[in-house]
Amino acid sequence: MTLLVLFGVFAITLYTGVPVAWSIAFSTLVVIYFGLVPLPPSWFAQQVYMGADSISLASIPLFLVAGGIMNEGGLTRRIIDLANDIVGWVRGGLGVVNVATCMIYGGITGSATADTGAVGAIMIPAMAERGYPRDFAAAVTAAAGTLGIILPPSVVMIMYGVITDTSIGGLFAAGIIPGLMLAVTFMLTAWWVGVKENFPKSETRPTVTSFSKHLLRALPALMMPIAVLSSMLSGLATTTEAAFVAVVWALLVGGVLYREITLAGLWKIGVETVRMTGAIMIIMAVSVPFSWILTVEQIPQWTAGLLHAWGAGPTITILLILALLTFVGTWADLGPSLIILAPILHPIGMEAGLQPYQLGLIFTMALGIGLFTPPVGTNIFVVCNVAKVGVNAVTRRLIPFFITSNICLLLVAFIPETTEWLPRYFGF
């Protein structure tokens with residue numbers, strides 16, 4: 001009865017247009033009010049406070065600020081120039097440049113939406129001007145934008161680490177190989193489509209002088225993710241301290257070296273960071289009492305028992321987890337999906353033989369695929385707005401990227417070393 005009321009109220013409020021955070025909070029309060037869980041309302045307030053009282057969550061606004069400063073300071077243009085020198089001369093090269101830019105930029109922002117929006121605003125018009133179909137330009141940006149949550153730092157990994165009590169530094173280390181693997185497959189996919197459809201290519205090869213110039217211009221910004229990761233992986237800094245290093249580095253590069261940061265730009269960055277952080281923190285806070293009820297009602301154990309009753313072994317269980325995460329990701333926002341499903345599926349995945357960091361990357365990658373999958377793929381709507389094309393046209397172009405991303409997801413799910421080797425190497 002408790003679960004029926006909890007999920008029933010949550011579904012009804014969500015369907016009627018109530019924001020996700022308030023739907024979670026209201027459904028929990030209804031369960032408490034009707035005495036289905038014998039706890040006073042003050043318990044709810046205490047749990048909400050505890051949900052937001054985590055020093056690791058302080059790194060989220062810091063990483064968002066650092067990414068915003070870098071973008072406002074002209075980083076995106078410098079990365080595109082460098083990537084164009086490296087791979088822009090091949091057939092369909094601007095698609096490969098698009099992926100390479102998202103890969104580097106994603107290693108700074110930690111946000112898929114920010115990655116997609118910043119790169120798409122420059123790359124989509126540039127690709128269209130060079131003769132690339134707008135729907136392809138939008139599709140490759142939507143898919144590659146998900147690298148922002150897979151390559152460290154990642155806002156999603158921070159949330160997952162807090163929810164499941166998994167080392168965030170270990171998750172960051174675990175995301176390096178899958179992120180690079182996904183980036184390479186996206187580049188190969190963009191190149192293959194470019195060759196197949198005879199997309200244009202640059203007729204001139206880059207010179208040593210041009211490459212050196214663009215590398216020198218972009219190098220200070222490119223060093224930021226290296227500095228942040230090395231400080232964390234070496235044990236010199238916590239996640240929050242490393243995020244502070246990122247902000248200082250971004251201010252020095254964007255404000256002092258590049259000199260493209262204005263007070264108006266800083267105000268815009270601050271407003272956007274507060275908006276995004278507020279949404280994340282509210283959801284994280286109200287999810288704690290919601291998750292507590294799920295745990296007390298033994299939902300993970302009940303689900304695991306049901307799978308055993310059906311005769312589902314470890315392989316089938318893992319495939320079902322992948323299918324469920326991918327399906328939910330296509331319909332719901334990434335944050336709420338993570339918060340609701342992590343407490344349920346984490347113990348089931350561990351029982352099926354998945355490793356802690358491996359499971360974290362499975363969550364991140366599977367839900368990330370939902371960001372460029374209809375009907376509610378956030379990245380699709382971002383790029384469609386920029387490219388001025390229809391969702392259906394972009395969706396057709398996304399099919400090859402959907403296939404390759406799922407192949408990478410399966411490799412991560414069934415080859416633990418893709419996510420466990422680096423954390424083990426760095427001592428996590």
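Predicted model, so just to flag it, every value in this text is computed and none were measured. Start at 1 with the first residue, then count along the sequence.
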Check your understanding: Crowded around Y33 OH? As in, over 12 foreign heavy atoms under 6.0 Å?
Key -> no
Practice item. Using a 4.5 Å cut-off on heavy atoms from C-beta on, say whether the side chain of N98 contacts that of C102. Key: yes
Review point. Does the side chain of I177 come within less than 4.5 Å of W421's, by heavy atoms?
Key: yes
Check your understanding: Taking all non-hydrogen atoms of both residues, which atom of I69 and which atom of A250 are closest, and how far apart?
Key -> CG2-O, 3.4 Å
Point to revise | Main-chain N/O of Q358 paired to E420 side chain as donor or acceptor, under 3.5 Å | key: yes
Show which side-chain atoms of residues 386-395 pair as donor or acceptor with protein atoms under 3.5 Å away, not counting sequence neighbours.
unit_1: K388; atom_1: NZ; unit_2: N385; atom_2: O; d: 3.1
unit_1: T395; atom_1: OG1; unit_2: V391; atom_2: O; d: 2.7

Check your understanding: Do side-chain atoms of T277 reach the backbone of V274 as a donor and acceptor pair under 3.5 angstrom?
Key -> no
Study note, to complete from the structure: Residue set satisfying salt bridge (charged side-chain N to carboxylate O under 4.0 Å, His left out) with R275, at least two apart, ordered chain then number -> E272
Review point. Just by modelled atom types, is the A323 backbone N or O under 3.5 Å from a matching donor or acceptor in the T326 side chain?
Key: no
Exercise for review: State which residue, out of T189, I369, T373, fulfils the side-chain contact (heavy atoms from CB on, under 4.5 Å) condition with S405.
Suggested key: I369
Revision key, fill the gap. Ring pair (Phe, Tyr, Trp, His ring centres under 6.0 Å) filter on F199, not counting sequence neighbours, yields Y132, F136
Practice item. Could you tell me which residues satisfy side chain to side chain contact (heavy atoms under 4.5 Å, CB included) with I415, sequence neighbours excluded, listed by chain and number? Key: L411, T418
Exercise for review: Could you grab the distance from atom CG of L39 to atom CD1 of I293, nearest 0.5 Å is fine?
Suggested key: 8.0 Å
Practice item. Side-chain contact test, heavy atoms from C-beta onward, threshold under 4.5 Å: evaluate it for L359 versus M350 and give yes or no. Key: yes
Practice item. Look up atom CG in L345 and atom OG1 in T317, then write down how far apart they are to the nearest 0.5 Å. Key: 11.0 Å
Practice item. Indicate yes or no: at least one non-hydrogen side-chain atom of V271 is less than 4.5 angstrom from one of K268. Key: no
Exercise for review: State which residues pass side chain to side chain contact (heavy atoms under 4.5 Å, CB included) with I282; sequence neighbours excluded, sorted by chain then number.
Suggested key: A21, W22
Review point. About how many Å separate CG of L325 and CD1 of I362, when rounded to the nearest 0.5 Å?
Key: 8.5 Å
Check your understanding: What orientation do F402 and F372 show, parallel under 30°, tilted 30 to 60°, or perpendicular over 60°?
Key -> perpendicular
Only distances under 3.5 Å count here; give the side-chain donor-acceptor pairs of residues 152-166 to other protein atoms, sequence neighbours excluded, each with its distance to 0.1 Å.
unit_1: S154; atom_1: OG; unit_2: I149; atom_2: O; d: 2.6
unit_1: S154; atom_1: OG; unit_2: V156; atom_2: N; d: 3.4
unit_1: S154; atom_1: OG; unit_2: M157; atom_2: N; d: 3.2
unit_1: T164; atom_1: OG1; unit_2: Y160; atom_2: O; d: 2.7
unit_1: T164; atom_1: OG1; unit_2: T166; atom_2: OG1; d: 2.8

Review point. What's the spacing between L180 CG and L151 CG if we round to 0.5 Å?
Key: 5.5 Å
**Study point:** Separation of L354 CG from H346 NE2 (nearest 0.5 Å)
**Key:** 9.5 Å
Exercise for review: State, yes or no, whether a side-chain contact exists between V99 and V184 at a heavy-atom distance under 4.5 Å.
Suggested key: no
